[in-house]
Amino acid sequence: MGRKILLEHANVPGIKTYEVYRKMGGYASVEKAIKTMTPDEIVEEVKTSGLRGRGGAGFPTGLKWSFLDKKSGNPSHLVCNADESEPGTFKDRYLMEYIPHLLIEGMITSSFALGAKLSYIYIRGEYMWVYRILENAIKEAYAAGWLGKNILGSGYDLDLYVHCGAGAYICGEETALIESLEGKRGNPRIKPPFPAVKGLWQEPTVVNNVESIAAVPWIINNGGEEYAKIGVGRSTGTKLISASGHIKNPGVYEIELGLSVDEFMNSDEYLGGMMNDRPLKALVPGGSSVPILPAHLIYKNAEGGDRLMSYESLSEGGFQTGSMLGSGGFIVYNDTSCIVRNTWNFSRFYHHESCGQCSPCREGTGWLEGVLHRIETGHGREEDIDLLWDIQSKIEGNTICPLGDAAAWPVAAAIRHFRDEFEYHVRFPEKVKNRDHYVAEP
Ligand code: L3W
Ligand code: SF4
């Protein structure tokens, strides 16, 4: 059995309530941090742990915290990014829904480390029932004295608010999230300045994913060094994976980083293998924004080495033969899946969610969706495949925020690994129109 850090108590009856959570040792990290540690010591502990941002980018959390401009004289803030909207990703929801106090505990300990007295959880609008769970848990935490004025008699004050988004994926981008929190349209800002210097209300702000913040209590209770012992190389600790698609056991799993993709996919402890034992065709390991991997590059990298569930291993080979761990949205496809249709589906999403500020993204995502739709519906032309390649290459790296790249990469990877399937669509439009191609050999 893999080690559980975040979900250890997820199945304890009543863990959602303060009473049970506290009985299971909850809020110990707040006591330890406030009573026995200085803020800088907490930051150091998180640095030592090697914890990396769990929202997708994998940026070292302790390093990000150390960038916080504490000398500016302005108040600093911690904002939790709970705007979980990446297609294929639903692990933050699970954490907040089942163990809301873990996130709140992490928010308090982390806010203390950052000197923040006003912190926020920005949750996606579609998670309204989870919003209510969090609101209730926050109320309990205030009543028990973990939030509010003079926490544990230390003189430290903290107020924590949950703010609900209104259904825009782009508000998961940290600067768009900040704009939205300020009451404006969620348009990403140009970086630098990074939020750590000028964030919410132009004041120093750290934006961290739910899962990153939820890992902090364990790190403070057990020490950064203990955390760093779990995992592999620079991929330390555990990671939540949202698994979906053609597998026997879809769901949210906590894995130790470094587990082999083969074991994760095929052992009964995890995904249990392919649904109905059909052949594996492809994998998107880190949410819709990361490159798709064809079957022969899933268990082994291009050099024949084992592929592991880690930031480094999944990206081995770069985008030519690798992908990314991303947010851990693990989407599995069997041989009945149409890669063109899937790519069109993703493109439709990015076109819809583009905020429209930069032309390569605003126009390019529309073109990607349109051309992919043409091919998918049996109206494609031979030159459309090169056209798609050209469009995605003009978006990548030319936009204000990563949504542009996220729209381009899946298209590039699909063409790179499944060009024959695109060609089949163009050459045999009647089969495509009749949907014969789903199980046919391209
Ligand atoms: C201060 C520097 N801070 C980098 C920070 C940066 C960001 C993180 C990763 O970004 C984006 C992000 C998500 N001084 C810094 C610095 N930072 N250099 O570190 O940045 P980077 O540049 O390594 O990666 P990136 O891929 O360009 C990631 C956004 O993607 N995103 C994620 C969504 C996540 C959720 C969720 O957690 N629920 O939805 C989607 O667009 O917000 O902006 O924090 O500031 N020199
Ligand atoms: Fe908006 Fe797209 Fe530009 Fe991001 S890349 S700022 S979503 S137009």
Would you mind reporting whether [Y] and [X] have side-chain heavy atoms less than 4.5 Å apart?
X    : Y    : result
I123 : D92  : no
L102 : P217 : yes
F422 : I415 : yes
S313 : N301 : no
D390 : S393 : yes
T238 : K4   : no
N209 : S327 : no
I400 : T175 : no

Tell me if a side-chain donor or acceptor on [X] pairs with a main-chain N or O of [Y] at a distance below 3.5 Å.
X    : Y    : result
Y333 : V284 : no
S323 : P291 : yes
R307 : E316 : yes
S315 : E312 : yes
S180 : A176 : no
H351 : E369 : no
D384 : L372 : no

*Checking side-chain hydrogen bond (donor to acceptor under 3.5 Å, both in side chains) for the pair S111/S119: CA distance, chi angles, key distance, verdict?*
CA-CA 7 Å; S111 296; S119 296; 2.9 Å; yes
*Can you name the one residue among S359, C355, C361 that meets side chain to side chain contact (heavy atoms under 4.5 Å, CB included) with Q357?*
C355
*Test H425 against every option in I339, D420, T377, V340 by the side chain to side chain contact (heavy atoms under 4.5 Å, CB included) rule and name the one that passes.*
V340
Which heavy atom of [X] sits nearest a heavy atom of [Y], and at what distance?
X    : Y    : answer
L158 : A116 : CD1-O, 3.5 Å
C164 : Y131 : SG-CD1, 4.1 Å
D83  : A168 : OD2-O, 3.4 Å
D405 : G397 : OD1-N, 2.8 Å

Does [X] pair with [Y] as a salt bridge, N-O distance under 4.0 Å?
X    : Y    : result
R124 : E84  : no
R3   : E254 : no
E211 : K239 : yes

Residue list, salt bridge (Lys or Arg N to Asp or Glu O under 4.0 Å) with [X], at least two apart or on another chain:
X    : result
E45  : none
D159 : none
R132 : none
E173 : K191

*What's the verdict on side-chain contact (heavy atoms from CB on, under 4.5 Å) for V261 and L314, showing C-alpha distance, side-chain angles and the deciding distance?*
CA-CA 9 Å; V261 175; L314 281 169; 4.2 Å; yes
*Pairs satisfying side chain to side chain donor-acceptor pair (under 3.5 Å), at least one member in residues 259-273, at least two apart*: D262-N266, N266-Y299
_Enumerate the side chain to side chain donor-acceptor pair (under 3.5 Å) contacts for residues 67-79, please, sequence neighbours excluded, ordered by first and then second residue._
H77-E203
*Partner of E376 under salt bridge (charged side-chain N to carboxylate O under 4.0 Å, His left out), chosen from K433, R348, R341*: R341
Are a donor atom and an acceptor atom from the side chains of [X] and [Y] found within less than 3.5 Å of each other?
X    : Y    : result
S29  : T109 : yes
R185 : N187 : yes
T336 : N334 : yes

_Sequence-distant partners of Y156, side chain to side chain donor-acceptor pair (under 3.5 Å), two or more places apart_ = none
*Apply side-chain contact (heavy atoms from CB on, under 4.5 Å) to the pair I391 and V411, showing each step before the final yes or no.*
CA-CA 10 Å; I391 299 165; V411 176; over 6 Å; no
For [range], which residue pairs qualify under ring pair (Phe, Tyr, Trp, His ring centres under 6.0 Å), counting only residues two or more places apart or in two chains?
range            : value
residues 85-106  : Y18-H101, Y21-H101, Y27-H101, Y94-Y98
residues 352-379 : W344-H373
residues 50-75   : none
residues 306-327 : F319-W409

*Could you please spell out the steps behind the ring pair (Phe, Tyr, Trp, His ring centres under 6.0 Å) verdict for F330 and Y253?*
CA-CA 10 Å; F330 199 89; Y253 294 87; 9.5 Å; no
*asked:* Does K64, at its NZ atom, have more than 12 non-hydrogen atoms belonging to other residues, nucleotides or ligands within less than 6.0 Å?
replied: yes
_Please determine whether side-chain contact (heavy atoms from CB on, under 4.5 Å) holds for the pair I292 and F418, giving the CA-CA distance in whole Å, both sets of side-chain angles, and the decisive distance to 0.1 Å._
CA-CA 10 Å; I292 194 166; F418 296 96; 4.1 Å; yes
Report, one line per pair, each donor and acceptor closer than 3.5 Å where one atom sits in a side chain of residues 223-230; sequence neighbours left out.
residue, atom, partner, partner atom, Å
E226, OE2, K229, NZ, 2.5
Y227, OH, R54, NH2, 3.0

